[in-house]
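Here the structure comes first, spelled out in structure tokens, and everything after it is commentary.
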Amino acid sequence: MPTPDNVGVRQVNYQGNQRMSETPLAVARHYGRDGLIRRLLVALSEAGKDIEHLSIDDLAPVDEFHSRRRRATEELARLLAPTATDRVVDIGSGPGGPARYLAATYGCRVSGVDLTPEFVAAATELTRRSGLAGTVDFQVGSALALPLPDAGFDLGWTQNVAMNIADRARWYAEMHRVLKPGGRLAIQDVAQGPGGALHYPVNWADTAELSFLRTPEETRAELAAAGFVVQAWEDNSAVAIAEMAAERAAAGGAGRPALGLHLVVGESFREKMRNSRRNMLEGRTLLINAVVVRDG
């Protein structure tokens with residue numbers, strides 16, 4: 001049966017000098033919803049999944065909480081090319097889908113860090129039920145003060161996290177700190193496009209107060225200032241637009257699927273997805289994949 005939502009969660013004190021609406025605590029409140037693990041397990045069981053023996057494919061509709069979902073994870077993983085000897089840190093790990101995918105597919109050891117206790121609890125429990133607890137772990141923590149040792153990881157990973165971070169210099173410095181010299185970092189970012197201000201709400205922010213997009217050029221400059229060298233850089237905006245159109249056409253007039261990210265986001269999911277599509281179609285957002293290398 002579903003376990004309590006706080007199982008395996010270590011609480012932390014959030015730190016920072018941003019105004020209250022920009023603090024990590026405000027971001028955690030935006031994402032946190034009581035009953036997440038119960039909701040996911042009930043839906044998975046009703047969809048005919050064996051919730052005591054879940055596979056990464058069983059979980060893919062509900063645990064890939066980022067643009068383009070599993071496709072994006074697969075493509076970014078191919079760019080990063082982890083090996084079984086690599087130790088990977090997933091910053092902003094959410095419900096844990098990418099961390100489990102990397103461990104199951106490449107054999108690497110993955111540690112996830114996320115602000116939201118509900119996400120960490122769900123990620124921990126789903127990992128146990130998918131038989132990956134020995135290779136994947138999660139803890140609550142801020143990307144601006146990672147509860148991790150210096151130079152402890154061969155590779156880094158982050159998808160759809162930067163949009164909520166105002167202090168990019170501090171965030172990139174933390175990424176640089178926890179990677180070994182020569183370590184590589186895989187990034188999927190929603191970036192600011194030339195089309196102007198966003199339509200809200202979107203998945204990462206109900207209003208502009210929690211949204212801190214940068215242009216691709218600004219992002220590259222900030223990464224370079226933090227000591228990273230770009231190894232690969234891809235604009236996947238056109239691909240994402242084409243996939244959204246294909247998905248809408250395939251769905252037709254069908255109702256909401258039993259398994260999907262609406263279980264994570266809640267009742268506002270449909271409106272947020274409409275705005276996300278509109279923002280990308282109007283050039284207000286771009287979708288970037290990159291791999292950068294810690295210099296020195």
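Following chains of ILVMFWY side-chain contacts shorter than 4.5 Å, one can reach Val27 starting from Leu261, so the two form part of one hydrophobic cluster. Residues Met273 and Val239 fall into different hydrophobic clusters, defined by Ile, Leu, Val, Met, Phe, Trp and Tyr side chains chained together at heavy-atom separations under 4.5 Å. Transitive grouping of hydrophobic side chains (ILVMFWY, heavy atoms separated by less than 4.5 Å) brings Ile288 and Trp171 into a common cluster. With hydrophobic clusters built from ILVMFWY side chains whose heavy atoms lie under 4.5 angstrom apart, Tyr172 does not share a cluster with Val229. Under the 4.5 Å side-chain heavy-atom criterion for grouping Ile, Leu, Val, Met, Phe, Trp and Tyr, Val293 is not connected to Met175 through any hydrophobic cluster.
The closest donor-acceptor contact from the side chain of Ser130 to the backbone of Thr127 lies under 3.5 Å. Counting only distance, with no hydrogens or angles, the side chain of Gln188 and the backbone of Ser67 share a donor-acceptor pair below 3.5 Å. For the pair Arg168 (side chain) and Phe212 (backbone), a donor-acceptor distance under 3.5 Å is present. Using modelled atom types, one side-chain atom of Ser142 and one backbone atom of Leu144 make a donor-acceptor pair closer than 3.5 Å. One N or O on the side chain of Ser237 and one on the backbone of Leu287 form a donor-acceptor pair closer than 3.5 Å. Side chain of Glu174 to backbone of Leu146: a donor-acceptor contact under 3.5 angstrom is found. Looking only at distances, a side-chain donor or acceptor of Arg33 sits under 3.5 Å from a matching main-chain atom of Tyr31. When atom types are taken as modelled, the side chain of Asp114 and the backbone of Thr116 share a donor-acceptor pair closer than 3.5 angstrom. The backbone N or O of Tyr200 lies less than 3.5 Å from a partner atom in the side chain of Asn275, making a donor-acceptor pair.
A heavy-atom distance below 4.5 Å is found between the side chains of His66 and Glu64. Two residues are said to be in side-chain contact when any heavy atoms from C-beta on lie closer than 4.5 Å; Val202 and Met163 fail this criterion. Looking at Leu44 and Leu259, their side chains come closer than 4.5 Å, going by heavy atoms from C-beta outward. Asn160 places none of its side-chain heavy atoms less than 4.5 Å from the side chain of Phe65. In this structure, Val62 and Pro95 have side chains that are not in contact, with every pair of non-hydrogen atoms separated by 4.5 Å or more. Trp157 has its side chain out of reach of Pro82: every pair of non-hydrogen atoms, C-beta onward, lies at least 4.5 Å apart. Annotation: side chain of Trp204 is not in contact with side chain of Val161 (no heavy-atom distance under 4.5 Å). Put simply, the side chain of Leu36 does not reach to within 4.5 Å of the side chain of Leu263, judged on heavy atoms.
Taking CZ of Arg284 as the reference point, atom OG of Ser276 lies at 13.0 Å (rounded to 0.5 Å). Here the CZ atom belonging to Arg68 is positioned 10.0 Å from the CD atom belonging to Gln159, to the nearest 0.5 angstrom. Separating the CG atom in Leu76 from the CD1 atom in Ile187 is a distance of 9.0 Å, to the nearest 0.5 Å. To the nearest 0.5 angstrom, Glu282 atom CD is 10.0 Å from Leu198 atom CG. Note: Asp154 CG to Thr83 OG1 = 7.5 Å, rounded to the nearest 0.5 Å. Taking CG of Leu213 as the reference point, atom OG1 of Thr219 lies at 9.0 Å (rounded to 0.5 Å).
Residues Pro201 and Glu271 approach most closely at CD-OE2, 3.4 Å, considering heavy atoms. Nearest heavy atoms, Leu185 versus Thr158: CD1-CG2, 4.4 Å. Residue Gly134 comes nearest to Arg109 through the heavy atom pair O-NE, 3.8 Å, listed as atom of the first residue, atom of the second, then distance. For the residue pair Leu80 and Gly156, the shortest heavy atom distance occurs at CD2-O, 4.0 Å. Counting all heavy atoms, side chain and backbone alike, Ser45 lies closest to Ile51 at N-CG2, 3.7 Å. Shortest non-hydrogen contact noted between Ala145 and Arg170 is CB-NH2, 4.2 Å.
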Does the salt bridge (charged side-chain N to carboxylate O under 4.0 Å, His left out) test come out yes or no for Arg129 and Glu125, once each step is laid out?
CA-CA 6 Å; Arg129 291 171 185 257; Glu125 183 63 12; 2.8 Å; yes

Go through Phe119 and Val264 one step at a time and tell me if the side-chain contact (heavy atoms from CB on, under 4.5 Å) criterion holds.
CA-CA 9 Å; Phe119 279 171; Val264 178; 3.7 Å; yes

Report the C-alpha separation of Thr105 and Ile56 in whole Å, then their side-chain angles, then the decisive distance to 0.1 Å, and conclude whether the side-chain contact (heavy atoms from CB on, under 4.5 Å) test is met.
CA-CA 10 Å; Thr105 305; Ile56 60 170; 4.2 Å; yes

Audit row: Leu115, Asn164, side-chain contact (heavy atoms from CB on, under 4.5 Å) steps and yes/no
CA-CA 11 Å; Leu115 274 174; Asn164 287 126; over 6 Å; no

If you apply the rule side-chain contact (heavy atoms from CB on, under 4.5 Å), what do you find for Thr124 with Gln139, and how did you get there?
CA-CA 9 Å; Thr124 299; Gln139 63 178 307; over 6 Å; no

Start with the C-alpha distance between Glu75 and Arg71, add both sets of side-chain angles, then the distance that settles salt bridge (charged side-chain N to carboxylate O under 4.0 Å, His left out), and finish with yes or no.
CA-CA 6 Å; Glu75 292 175 8; Arg71 292 189 196 98; over 6 Å; no

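Among residues at least two apart or in separate chains, there is no salt bridge (Lys or Arg N to Asp or Glu O under 4.0 Å) pair with a member in residues 78-96. The salt bridge (Lys or Arg N to Asp or Glu O under 4.0 Å) analysis of residues 218-237, with sequence neighbours excluded, yields the pairs Arg214-Glu222. Counting only residues at least two apart or in different chains, salt bridge (Lys or Arg N to Asp or Glu O under 4.0 Å) contacts with residues 140-152 comprise Asp150-Arg177.
Asp63 pairs by the salt bridge (charged side-chain N to carboxylate O under 4.0 Å, His left out) definition with Arg100, not counting sequence neighbours. Taking His176 as the reference, Phe228 meet the ring pair (Phe, Tyr, Trp, His ring centres under 6.0 Å) condition, with sequence neighbours excluded. For the salt bridge (charged side-chain N to carboxylate O under 4.0 Å, His left out) test, no residue two or more places apart in sequence or in another chain qualifies with Asp295.
By the neighbour-count criterion of 12 heavy atoms within 6.0 Å, atom CD of Glu267 is sparsely surrounded, having that number or fewer from other residues, nucleotides or ligands.
Look at Arg277 and Glu247 and you find no salt bridge, because none of the NZ, NE, NH1 or NH2 atoms lies under 4.0 Å from a carboxylate O.
Only one option out of Val88, Leu155, Leu79 pairs with Arg184 in a side-chain contact (heavy atoms from CB on, under 4.5 Å); it is Leu155.
The aromatic rings of Tyr101 and Tyr106 stand perpendicular to each other, their planes meeting at an angle above 60°, with 30° marking the opposite boundary.
A side-chain donor from one of Asp58 and Ser55 sits under 3.5 Å from a side-chain acceptor of the other.
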